[in-house]
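Values below: all heavy atoms of this structure, side chains included; hydrogens, waters and symmetry mates excluded.
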Amino acid sequence: MKRIEFHNREEEITEIMNILSVEPILITFVCGPINSGKTELFDHLAKQLPKDHIVFYINFRGKYISDYSDFIRVLFKVEREKDYKEILKTISETPVEALRFKGIPVTKSMMDAVFKKSYEDVFEFLEGYFTKLSESRIPVLIVDELQVIKDIKIDELWIYKLFNFFIRLTKELRLCHVFAITSDSLFIEKVHGDAMLHGRCRYVLVDDFSKEVTMNFLEKHGFNKEEKEIAWHYCGGKPLSLVELANSESREGKAEETFKIRKGQIEEIVYSLKEKNKKMFAAVLGVLSEFEEKDKTGYKYLREETRFLVEKNILFADPVNKELRAQSMLDLLAIRDAISRQKSSLFLLKIRKGIRSGDVR
Ligand SMILES: Nc1ncnc2c1ncn2[C@@H]1O[C@H](COP(=O)(O)OP(=O)(O)O)[C@@H](O)[C@H]1O
Ligand SMILES: [Mg+2]
(Lines give C-alpha, C1' and ligand atoms only; values in the text may rest on other atoms or scores of the structure.)
(Ligands and ions follow the chains in the order given, each with its own letter.)
Protein backbone atom coordinates (compact mmCIF):
# COMPACT_ATOMS: atom_id res chain seq x y z
CA MET A 1 0.00 0.00 0.00
CA LYS A 2 1.26 3.42 -0.97
CA ARG A 3 2.09 5.72 1.94
CA ILE A 4 -0.34 8.62 1.74
CA GLU A 5 1.11 11.92 2.88
CA PHE A 6 -0.41 13.73 5.83
CA HIS A 7 -3.34 15.88 4.82
CA ASN A 8 -4.43 19.23 6.23
CA ARG A 9 -5.57 19.48 9.88
CA GLU A 10 -4.67 23.15 9.88
CA GLU A 11 -7.33 24.14 12.40
CA GLU A 12 -6.52 21.36 14.84
CA ILE A 13 -2.79 22.03 14.56
CA THR A 14 -3.35 25.72 15.32
CA GLU A 15 -5.54 24.81 18.28
CA ILE A 16 -2.92 22.46 19.72
CA MET A 17 -0.02 24.82 19.00
CA ASN A 18 -1.91 27.52 20.92
CA ILE A 19 -2.24 25.15 23.85
CA LEU A 20 1.49 24.42 23.68
CA SER A 21 2.42 28.08 23.50
CA VAL A 22 1.31 28.80 27.05
CA GLU A 23 2.05 27.22 30.41
CA PRO A 24 0.40 23.84 30.86
CA ILE A 25 -2.53 24.51 33.16
CA LEU A 26 -5.12 22.01 31.99
CA ILE A 27 -5.10 18.38 30.88
CA THR A 28 -6.20 18.19 27.24
CA PHE A 29 -8.56 15.36 26.33
CA VAL A 30 -8.50 14.64 22.63
CA CYS A 31 -11.59 12.84 21.44
CA GLY A 32 -13.27 11.95 18.17
CA PRO A 33 -14.79 8.96 16.39
CA ILE A 34 -12.75 5.89 15.55
CA ASN A 35 -10.18 6.30 12.77
CA SER A 36 -10.69 10.05 12.57
CA GLY A 37 -6.94 10.61 12.60
CA LYS A 38 -6.15 11.44 16.25
CA THR A 39 -3.01 9.33 16.51
CA GLU A 40 -1.88 10.40 13.05
CA LEU A 41 -2.32 14.06 13.97
CA PHE A 42 -0.18 13.80 17.10
CA ASP A 43 2.43 11.78 15.29
CA HIS A 44 2.63 14.46 12.63
CA LEU A 45 2.61 17.28 15.14
CA ALA A 46 5.35 15.80 17.28
CA LYS A 47 7.65 15.87 14.27
CA GLN A 48 7.01 19.56 13.77
CA LEU A 49 7.59 20.84 17.28
CA PRO A 50 10.58 23.08 17.85
CA LYS A 51 13.61 21.43 19.35
CA ASP A 52 13.19 22.77 22.86
CA HIS A 53 10.28 20.30 23.20
CA ILE A 54 10.59 16.72 24.30
CA VAL A 55 7.72 14.40 23.50
CA PHE A 56 6.83 11.18 25.31
CA TYR A 57 4.24 9.07 23.54
CA ILE A 58 2.60 6.22 25.40
CA ASN A 59 0.05 3.97 23.74
CA PHE A 60 -2.10 1.59 25.75
CA ARG A 61 -3.67 0.07 22.66
CA GLY A 62 -3.49 -3.71 22.59
CA LYS A 63 -1.62 -3.78 25.87
CA TYR A 64 -2.74 -6.25 28.45
CA ILE A 65 -2.65 -4.52 31.79
CA SER A 66 -3.77 -6.36 34.86
CA ASP A 67 -1.38 -5.17 37.50
CA TYR A 68 1.15 -2.62 38.51
CA SER A 69 4.11 -4.18 36.70
CA ASP A 70 2.20 -4.35 33.38
CA PHE A 71 1.43 -0.68 33.76
CA ILE A 72 5.07 0.16 34.45
CA ARG A 73 6.15 -1.81 31.40
CA VAL A 74 3.91 0.27 29.15
CA LEU A 75 4.91 3.54 30.74
CA PHE A 76 8.67 3.13 30.63
CA LYS A 77 11.12 1.99 28.06
CA VAL A 78 14.53 0.79 29.10
CA GLU A 79 17.38 2.33 27.18
CA ARG A 80 20.67 0.61 27.74
CA GLU A 81 23.12 2.76 29.69
CA LYS A 82 25.21 3.33 26.59
CA ASP A 83 22.24 4.26 24.42
CA TYR A 84 21.02 6.64 27.01
CA LYS A 85 24.28 8.55 26.95
CA GLU A 86 24.14 8.60 23.20
CA ILE A 87 20.64 9.97 23.37
CA LEU A 88 21.75 12.69 25.74
CA LYS A 89 24.53 13.54 23.35
CA THR A 90 22.15 13.80 20.42
CA ILE A 91 19.89 16.09 22.42
CA SER A 92 22.44 18.87 22.11
CA GLU A 93 23.01 18.07 18.45
CA THR A 94 19.47 17.54 17.21
CA PRO A 95 18.42 19.83 14.39
CA VAL A 96 15.04 21.53 14.31
CA GLU A 97 12.77 18.75 15.51
CA ALA A 98 11.75 18.02 19.05
CA LEU A 99 13.06 14.87 20.67
CA ARG A 100 10.54 12.08 20.57
CA PHE A 101 10.30 8.95 22.64
CA LYS A 102 7.92 6.03 22.68
CA GLY A 103 7.62 5.35 26.37
CA ILE A 104 9.53 7.24 29.01
CA PRO A 105 13.19 6.32 28.60
CA VAL A 106 14.92 5.10 31.73
CA THR A 107 18.09 3.16 32.33
CA LYS A 108 17.98 -0.46 33.42
CA SER A 109 18.88 0.43 36.99
CA MET A 110 16.18 3.10 37.10
CA MET A 111 13.63 0.58 35.82
CA ASP A 112 14.67 -1.98 38.44
CA ALA A 113 14.25 0.62 41.14
CA VAL A 114 10.83 1.64 39.78
CA PHE A 115 9.64 -1.97 39.84
CA LYS A 116 10.37 -2.26 43.51
CA LYS A 117 8.43 0.84 44.39
CA SER A 118 4.80 1.51 44.99
CA TYR A 119 2.76 3.58 42.56
CA GLU A 120 3.01 6.70 44.74
CA ASP A 121 6.80 6.46 44.48
CA VAL A 122 6.59 6.03 40.73
CA PHE A 123 4.58 9.19 40.34
CA GLU A 124 7.03 10.94 42.63
CA PHE A 125 9.89 9.61 40.52
CA LEU A 126 8.19 10.89 37.38
CA GLU A 127 7.56 14.24 38.96
CA GLY A 128 11.28 14.52 39.63
CA TYR A 129 12.01 13.34 36.08
CA PHE A 130 9.80 15.98 34.48
CA THR A 131 10.99 18.69 36.90
CA LYS A 132 14.59 18.06 35.86
CA LEU A 133 13.70 18.03 32.18
CA SER A 134 11.61 21.15 32.37
CA GLU A 135 14.68 23.15 33.36
CA SER A 136 15.92 22.94 29.79
CA ARG A 137 13.00 21.64 27.73
CA ILE A 138 9.24 21.66 27.43
CA PRO A 139 7.99 18.15 28.17
CA VAL A 140 4.90 16.95 26.32
CA LEU A 141 3.24 13.75 27.48
CA ILE A 142 0.86 12.07 25.03
CA VAL A 143 -1.16 9.14 26.32
CA ASP A 144 -3.06 7.35 23.58
CA GLU A 145 -6.02 4.96 24.05
CA LEU A 146 -6.24 5.87 27.68
CA GLN A 147 -9.62 4.13 28.01
CA VAL A 148 -7.83 0.76 28.01
CA ILE A 149 -7.13 1.20 31.71
CA LYS A 150 -10.50 2.69 32.61
CA ASP A 151 -11.67 -0.33 34.60
CA ILE A 152 -8.38 -1.53 36.03
CA LYS A 153 -8.42 -1.66 39.79
CA ILE A 154 -5.35 -1.95 41.94
CA ASP A 155 -6.59 -0.91 45.39
CA GLU A 156 -8.75 1.64 43.65
CA LEU A 157 -9.36 2.64 40.05
CA TRP A 158 -6.00 3.31 38.41
CA ILE A 159 -7.39 5.91 36.13
CA TYR A 160 -8.05 8.20 39.10
CA LYS A 161 -4.50 7.84 40.32
CA LEU A 162 -3.33 8.74 36.86
CA PHE A 163 -5.70 11.71 36.63
CA ASN A 164 -4.40 12.95 39.97
CA PHE A 165 -0.90 12.71 38.64
CA PHE A 166 -1.86 14.58 35.46
CA ILE A 167 -3.44 17.32 37.55
CA ARG A 168 -0.24 17.54 39.55
CA LEU A 169 1.85 17.86 36.35
CA THR A 170 -0.41 20.53 34.89
CA LYS A 171 -2.56 22.66 37.17
CA GLU A 172 -0.38 22.34 40.28
CA LEU A 173 3.20 22.32 39.01
CA ARG A 174 2.81 23.47 35.40
CA LEU A 175 5.62 21.18 34.43
CA CYS A 176 4.43 19.24 31.46
CA HIS A 177 1.75 19.32 28.77
CA VAL A 178 -0.57 16.34 28.98
CA PHE A 179 -2.69 15.10 26.06
CA ALA A 180 -4.97 12.14 26.68
CA ILE A 181 -6.34 10.67 23.44
CA THR A 182 -9.35 8.39 23.17
CA SER A 183 -12.08 7.26 20.76
CA ASP A 184 -14.19 5.93 23.58
CA SER A 185 -17.01 8.39 23.97
CA LEU A 186 -18.49 6.60 26.97
CA PHE A 187 -15.18 7.13 28.71
CA ILE A 188 -15.11 10.80 27.75
CA GLU A 189 -18.70 11.13 28.87
CA LYS A 190 -17.65 9.83 32.28
CA VAL A 191 -14.62 12.10 32.41
CA HIS A 192 -16.77 15.05 31.44
CA GLY A 193 -19.13 14.47 34.33
CA ASP A 194 -16.38 13.82 36.85
CA ALA A 195 -16.11 16.35 39.65
CA MET A 196 -12.42 15.62 40.10
CA LEU A 197 -11.59 16.87 36.61
CA HIS A 198 -13.99 19.76 36.59
CA GLY A 199 -12.13 22.96 35.68
CA ARG A 200 -8.92 20.99 35.27
CA CYS A 201 -9.24 19.80 31.72
CA ARG A 202 -10.29 20.89 28.26
CA TYR A 203 -11.47 18.98 25.21
CA VAL A 204 -10.22 19.03 21.64
CA LEU A 205 -12.33 17.28 19.04
CA VAL A 206 -10.49 15.64 16.15
CA ASP A 207 -13.31 14.75 13.84
CA ASP A 208 -13.52 13.21 10.38
CA PHE A 209 -12.55 15.66 7.62
CA SER A 210 -15.09 18.28 6.58
CA LYS A 211 -16.50 18.05 3.05
CA GLU A 212 -14.11 20.74 1.82
CA VAL A 213 -11.03 19.05 3.29
CA THR A 214 -12.21 15.70 1.91
CA MET A 215 -12.66 17.13 -1.58
CA ASN A 216 -9.13 18.58 -1.45
CA PHE A 217 -7.82 15.20 -0.40
CA LEU A 218 -9.63 13.44 -3.25
CA GLU A 219 -8.45 16.05 -5.75
CA LYS A 220 -4.87 15.58 -4.58
CA HIS A 221 -5.16 11.85 -5.20
CA GLY A 222 -6.60 12.14 -8.67
CA PHE A 223 -10.22 11.13 -8.06
CA ASN A 224 -12.47 12.09 -10.97
CA LYS A 225 -15.85 13.78 -10.44
CA GLU A 226 -17.80 10.55 -10.20
CA GLU A 227 -15.25 8.89 -7.92
CA LYS A 228 -15.37 11.93 -5.65
CA GLU A 229 -19.13 11.66 -5.32
CA ILE A 230 -18.94 7.96 -4.59
CA ALA A 231 -16.17 8.49 -2.03
CA TRP A 232 -18.13 11.17 -0.18
CA HIS A 233 -21.36 9.20 -0.37
CA TYR A 234 -19.88 6.09 1.22
CA CYS A 235 -16.98 7.29 3.32
CA GLY A 236 -17.76 10.89 4.18
CA GLY A 237 -14.63 12.44 5.65
CA LYS A 238 -13.28 9.34 7.42
CA PRO A 239 -9.51 9.52 6.81
CA LEU A 240 -8.87 5.79 7.10
CA SER A 241 -11.53 4.92 4.50
CA LEU A 242 -10.40 7.70 2.17
CA VAL A 243 -6.82 6.47 2.32
CA GLU A 244 -8.02 2.95 1.52
CA LEU A 245 -10.00 4.22 -1.46
CA ALA A 246 -7.07 6.29 -2.70
CA ASN A 247 -4.93 3.16 -2.61
CA SER A 248 -7.47 1.00 -4.34
CA GLU A 249 -7.50 -0.02 -8.00
CA SER A 250 -11.27 0.06 -8.27
CA ARG A 251 -12.52 2.88 -6.12
CA GLU A 252 -16.21 2.28 -6.70
CA GLY A 253 -15.87 -1.45 -6.09
CA LYS A 254 -13.88 -0.87 -2.92
CA ALA A 255 -16.44 1.61 -1.58
CA GLU A 256 -19.32 -0.77 -2.20
CA GLU A 257 -17.46 -3.70 -0.72
CA THR A 258 -16.59 -1.73 2.45
CA PHE A 259 -20.24 -0.73 2.78
CA LYS A 260 -21.42 -4.31 2.41
CA ILE A 261 -19.03 -5.47 5.11
CA ARG A 262 -20.05 -2.74 7.55
CA LYS A 263 -23.73 -3.35 6.84
CA GLY A 264 -23.30 -7.02 7.66
CA GLN A 265 -21.51 -6.23 10.89
CA ILE A 266 -24.17 -3.79 12.05
CA GLU A 267 -27.00 -6.16 11.17
CA GLU A 268 -25.27 -8.92 13.09
CA ILE A 269 -24.94 -6.71 16.18
CA VAL A 270 -28.50 -5.41 16.07
CA TYR A 271 -30.35 -8.54 14.99
CA SER A 272 -28.56 -10.85 17.39
CA LEU A 273 -30.35 -8.84 20.08
CA LYS A 274 -33.70 -9.97 18.74
CA GLU A 275 -33.20 -13.44 20.20
CA LYS A 276 -31.49 -12.39 23.39
CA ASN A 277 -33.50 -9.41 24.48
CA LYS A 278 -36.60 -8.35 22.54
CA LYS A 279 -37.19 -5.22 24.58
CA MET A 280 -33.65 -4.02 24.05
CA PHE A 281 -33.90 -4.87 20.35
CA ALA A 282 -36.98 -2.68 19.97
CA ALA A 283 -35.36 0.13 21.95
CA VAL A 284 -32.18 -0.05 19.84
CA LEU A 285 -34.21 0.11 16.63
CA GLY A 286 -36.00 3.10 18.12
CA VAL A 287 -32.71 4.95 18.61
CA LEU A 288 -31.47 4.00 15.14
CA SER A 289 -34.69 5.15 13.49
CA GLU A 290 -33.92 8.68 14.71
CA PHE A 291 -31.17 8.68 12.10
CA GLU A 292 -33.47 7.88 9.23
CA GLU A 293 -33.53 11.47 8.14
CA LYS A 294 -31.24 13.27 10.56
CA ASP A 295 -27.44 13.02 10.77
CA LYS A 296 -27.34 13.81 14.45
CA THR A 297 -29.55 14.19 17.46
CA GLY A 298 -29.10 15.85 20.81
CA TYR A 299 -29.14 13.96 24.10
CA LYS A 300 -29.39 14.77 27.77
CA TYR A 301 -28.05 11.49 29.10
CA LEU A 302 -27.23 8.17 27.50
CA ARG A 303 -29.93 5.56 27.94
CA GLU A 304 -29.05 1.88 28.07
CA GLU A 305 -29.90 1.22 24.42
CA THR A 306 -27.87 4.24 23.33
CA ARG A 307 -24.92 3.16 25.44
CA PHE A 308 -25.14 -0.24 23.77
CA LEU A 309 -24.83 1.34 20.32
CA VAL A 310 -21.99 3.59 21.43
CA GLU A 311 -20.17 0.67 23.03
CA LYS A 312 -20.50 -1.29 19.81
CA ASN A 313 -18.98 1.65 17.94
CA ILE A 314 -22.02 2.21 15.78
CA LEU A 315 -22.82 5.59 17.29
CA PHE A 316 -20.48 8.26 18.55
CA ALA A 317 -21.52 10.44 21.48
CA ASP A 318 -19.96 13.88 21.57
CA PRO A 319 -20.25 14.74 25.27
CA VAL A 320 -19.10 18.32 24.86
CA ASN A 321 -21.85 19.24 22.41
CA LYS A 322 -24.19 16.54 23.76
CA GLU A 323 -24.74 15.16 20.30
CA LEU A 324 -25.21 11.66 19.04
CA ARG A 325 -24.28 10.59 15.52
CA ALA A 326 -23.07 7.62 13.51
CA GLN A 327 -19.38 6.71 13.88
CA SER A 328 -18.95 7.27 10.16
CA MET A 329 -20.85 7.86 6.94
CA LEU A 330 -20.67 4.12 6.28
CA ASP A 331 -22.35 3.47 9.61
CA LEU A 332 -25.03 6.03 8.86
CA LEU A 333 -25.81 4.42 5.51
CA ALA A 334 -25.83 0.96 7.07
CA ILE A 335 -28.17 2.15 9.85
CA ARG A 336 -30.57 3.65 7.31
CA ASP A 337 -30.47 0.51 5.24
CA ALA A 338 -31.23 -1.67 8.26
CA ILE A 339 -34.11 0.58 9.33
CA SER A 340 -35.71 0.70 5.90
CA ARG A 341 -35.46 -3.09 5.59
CA GLN A 342 -36.93 -3.54 9.03
CA LYS A 343 -39.79 -1.25 8.07
CA SER A 344 -40.52 -3.04 4.84
CA SER A 345 -40.43 -6.44 6.53
CA LEU A 346 -42.84 -5.14 9.18
CA PHE A 347 -45.05 -3.80 6.43
CA LEU A 348 -45.03 -7.15 4.66
CA LEU A 349 -45.78 -8.92 7.93
CA LYS A 350 -48.77 -6.65 8.51
CA ILE A 351 -50.07 -7.30 5.00
CA ARG A 352 -49.63 -11.05 5.42
CA LYS A 353 -51.40 -11.01 8.76
CA GLY A 354 -54.14 -8.91 7.22
CA ILE A 355 -54.58 -11.38 4.40
CA ARG A 356 -54.71 -14.28 6.83
CA SER A 357 -57.45 -12.64 8.86
CA GLY A 358 -59.26 -11.57 5.72
CA ASP A 359 -58.67 -7.89 6.42
CA VAL A 360 -56.42 -6.40 3.80
CA ARG A 361 -56.54 -2.83 5.04
N1 LIG B 1 -4.49 13.89 8.29
C2 LIG B 1 -4.37 12.71 7.68
N3 LIG B 1 -3.80 12.63 6.45
C4 LIG B 1 -3.70 11.45 5.80
N5 LIG B 1 -4.11 10.28 6.31
C6 LIG B 1 -4.67 10.28 7.54
C7 LIG B 1 -4.83 11.48 8.28
N8 LIG B 1 -5.41 11.19 9.44
C9 LIG B 1 -5.60 9.86 9.44
N10 LIG B 1 -5.16 9.31 8.31
C11 LIG B 1 -5.25 7.88 7.93
O12 LIG B 1 -6.27 7.26 8.72
C13 LIG B 1 -5.72 6.20 9.50
C14 LIG B 1 -6.40 6.18 10.84
O15 LIG B 1 -6.02 7.30 11.59
P16 LIG B 1 -5.67 7.20 13.14
O17 LIG B 1 -4.89 8.39 13.50
O18 LIG B 1 -5.07 5.88 13.47
O19 LIG B 1 -7.15 7.28 13.77
P20 LIG B 1 -7.58 7.39 15.29
O21 LIG B 1 -6.33 7.46 16.11
O22 LIG B 1 -8.41 8.61 15.36
O23 LIG B 1 -8.41 6.16 15.56
C24 LIG B 1 -4.24 6.45 9.54
O25 LIG B 1 -3.51 5.26 9.67
C26 LIG B 1 -3.97 7.14 8.22
O27 LIG B 1 -3.82 6.18 7.19
MG1 LIG C 1 -5.53 6.22 17.52
Side-chain angles (χ1 to χ4, degrees), residues 16 24 26-46 54-79 100-106 110-111 114-115 117-123 125-127 129-130 139-170 176-192 194 196-197 200-206 240 310-313 316-317 319 327:
I16 296 163
L26 302 172
I27 305 167
T28 307
F29 281 95
V30 180
C31 45
I34 286 173
N35 295 324
S36 69
K38 299 176 287 300
T39 301
E40 195 79 6
L41 171 63
F42 274 83
D43 186 56
H44 175 79
L45 214 117
I54 179 159
V55 180
F56 302 98
Y57 175 81
I58 292 154
N59 195 342
F60 285 106
R61 178 183 220 137
K63 301 282 167 29
Y64 177 74
I65 299 167
S66 68
D67 61 16
Y68 173 70
S69 52
D70 292 338
F71 180 71
I72 294 294
R73 259 183 227 111
V74 179
L75 218 53
F76 295 101
K77 183 167 183 291
V78 174
E79 301 281 350
R100 287 175 284 135
F101 293 101
K102 286 206 165 146
I104 297 166
V106 285
M110 281 157 115
M111 185 74 156
V114 160
F115 260 113
K117 292 177 182 226
S118 70
Y119 71 86
E120 279 103 347
D121 293 330
V122 170
F123 289 149
F125 165 80
L126 280 173
E127 195 179 305
Y129 189 105
F130 287 122
V140 181
L141 180 63
I142 303 169
V143 187
D144 207 345
E145 308 278 355
L146 185 63
Q147 78 284 350
V148 168
I149 60 163
K150 70 179 171 186
D151 296 323
I152 293 166
K153 269 195 180 144
I154 307 167
D155 309 333
E156 54 175 306
L157 278 180
W158 252 99
I159 198 83
Y160 287 105
K161 292 176 186 168
L162 204 58
F163 284 162
N164 254 325
F165 176 59
F166 290 166
I167 292 169
R168 179 106 184 112
L169 288 182
T170 51
C176 175
H177 291 277
V178 178
F179 294 90
I181 310 176
T182 179
S183 295
D184 184 336
S185 42
L186 291 181
F187 174 67
I188 284 290
E189 170 79 16
K190 209 166 147 201
V191 165
H192 195 247
D194 200 302
M196 174 186 176
L197 287 163
R200 290 164 169 166
C201 65
R202 66 162 84 76
Y203 301 88
V204 170
L205 181 70
V206 177
L240 178 75
V310 174
E311 234 159 53
K312 296 287 180 197
N313 289 325
F316 172 71
Q327 278 277 359

### Task
Please step through side chain to side chain contact (heavy atoms under 4.5 Å, CB included) for the pair Phe60 and Gln147, ending with a clear verdict.
CA-CA 8 Å; Phe60 285 106; Gln147 78 284 350; over 6 Å; no

### Query
What's the verdict on side chain to side chain contact (heavy atoms under 4.5 Å, CB included) for Leu186 and Glu311, showing C-alpha distance, side-chain angles and the deciding distance?
CA-CA 7 Å; Leu186 291 181; Glu311 234 159 53; 3.5 Å; yes

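- Side chains of Thr170 and Leu26 form no contact here, defined as non-hydrogen atoms less than 4.5 Å apart.
- Rounded to the nearest 0.5 Å, atoms CD1 (Ile149) and CG (Leu162) are 5.0 Å apart.
- Evaluated for a ring pair (Phe, Tyr, Trp, His ring centres under 6.0 Å) with Phe56, the options Phe130, Phe76, Phe42 yield exactly one hit, Phe130.
- Arg202 CZ: more than 12 foreign heavy atoms inside a 6.0 Å radius.
- Taking the six-membered ring where tryptophan is involved, the planes of Phe123 and Trp158 are perpendicular, since the angle between them exceeds 60° and thus also 30°.
- Taking 4.5 Å as the limit, some side-chain heavy atom of Ile159 sits within range of a side-chain heavy atom of Leu146.
- Here the side chains of Asp184 and Phe316 are not in contact, with every heavy-atom distance at 4.5 Å or above.
- Taking the six-membered ring for Trp and thresholds of 30 and 60 degrees, Phe166 and Phe163 have ring planes inclined between 30 and 60 degrees apart.
- Within 6.0 Å of NZ in Lys63 there are more than 12 heavy atoms belonging to other residues, nucleotides or ligands.
- Side-chain contact between Val143 and Phe179: absent, with no pair of heavy atoms (C-beta onward) separated by less than 4.5 Å.
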### Message
Before you tell me yes or no, could you show the steps for Thr182 and Val30 under side chain to side chain contact (heavy atoms under 4.5 Å, CB included), namely the whole-Å CA-CA distance, both residues' side-chain angles and the distance that decides it to 0.1 Å?
### Response
CA-CA 6 Å; Thr182 179; Val30 180; over 6 Å; no

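- Taken from CG in Leu45 to CG in Leu41, the straight-line distance is 5.5 Å, to the nearest 0.5 Å.
- The shortest distance between side-chain heavy atoms of Leu169 and His177 does not fall below 4.5 Å.
- Counting heavy atoms of neighbouring residues, nucleotides and ligands inside a 6.0 Å radius, atom NZ of Lys150 exceeds 12 of them.
- With hydrogens and angles ignored, the 3.5 Å screen pairs a side-chain donor or acceptor of Lys38 with a backbone N or O of Pro33.
- Between Val204 and Phe29, the closest side-chain pair of non-hydrogen atoms is not below 4.5 Å.
- Note that CZ of Phe125 and CE of Met110 are 4.0 Å apart. Values are rounded to the nearest 0.5 Å.
- Nearest approach of Cys176 to Pro24, heavy atoms of both residues: O-CB, 3.3 Å.
- Looking at heavy atoms from C-beta onward, Tyr203 lies in side-chain contact with His192 at the 4.5 angstrom threshold.
- In this structure, CG in Asn59 is found 10.5 Å from CD1 in Ile142, a value given to the nearest 0.5 Å.
- To the nearest 0.5 Å, the span separating NZ on Lys312 from CD on Gln327 amounts to 13.5 Å.
- Side chains of Asp70 and Tyr64: no donor on one and acceptor on the other come within 3.5 Å.
- The two residues Met111 and Arg73 make their nearest non-hydrogen contact at CE-CA, 4.3 Å.
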### Task
List the steps, then state whether side chain to side chain contact (heavy atoms under 4.5 Å, CB included) holds for Val140 with Tyr57.
CA-CA 8 Å; Val140 181; Tyr57 175 81; over 6 Å; no

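- Inspection of the Asp194 and Tyr160 side chains reveals an N or O donor paired with an N or O acceptor under 3.5 Å.
- Rounding to the nearest 0.5 Å places CD1 of Ile54 at 10.5 Å from CD1 of Ile104.
- In this structure, the side chain of Ser36 engages the main chain of Val206 through a donor-acceptor pair within 3.5 Å.
- Side-chain contact between Asp144 and Ile58: absent, with no pair of heavy atoms (C-beta onward) separated by less than 4.5 Å.
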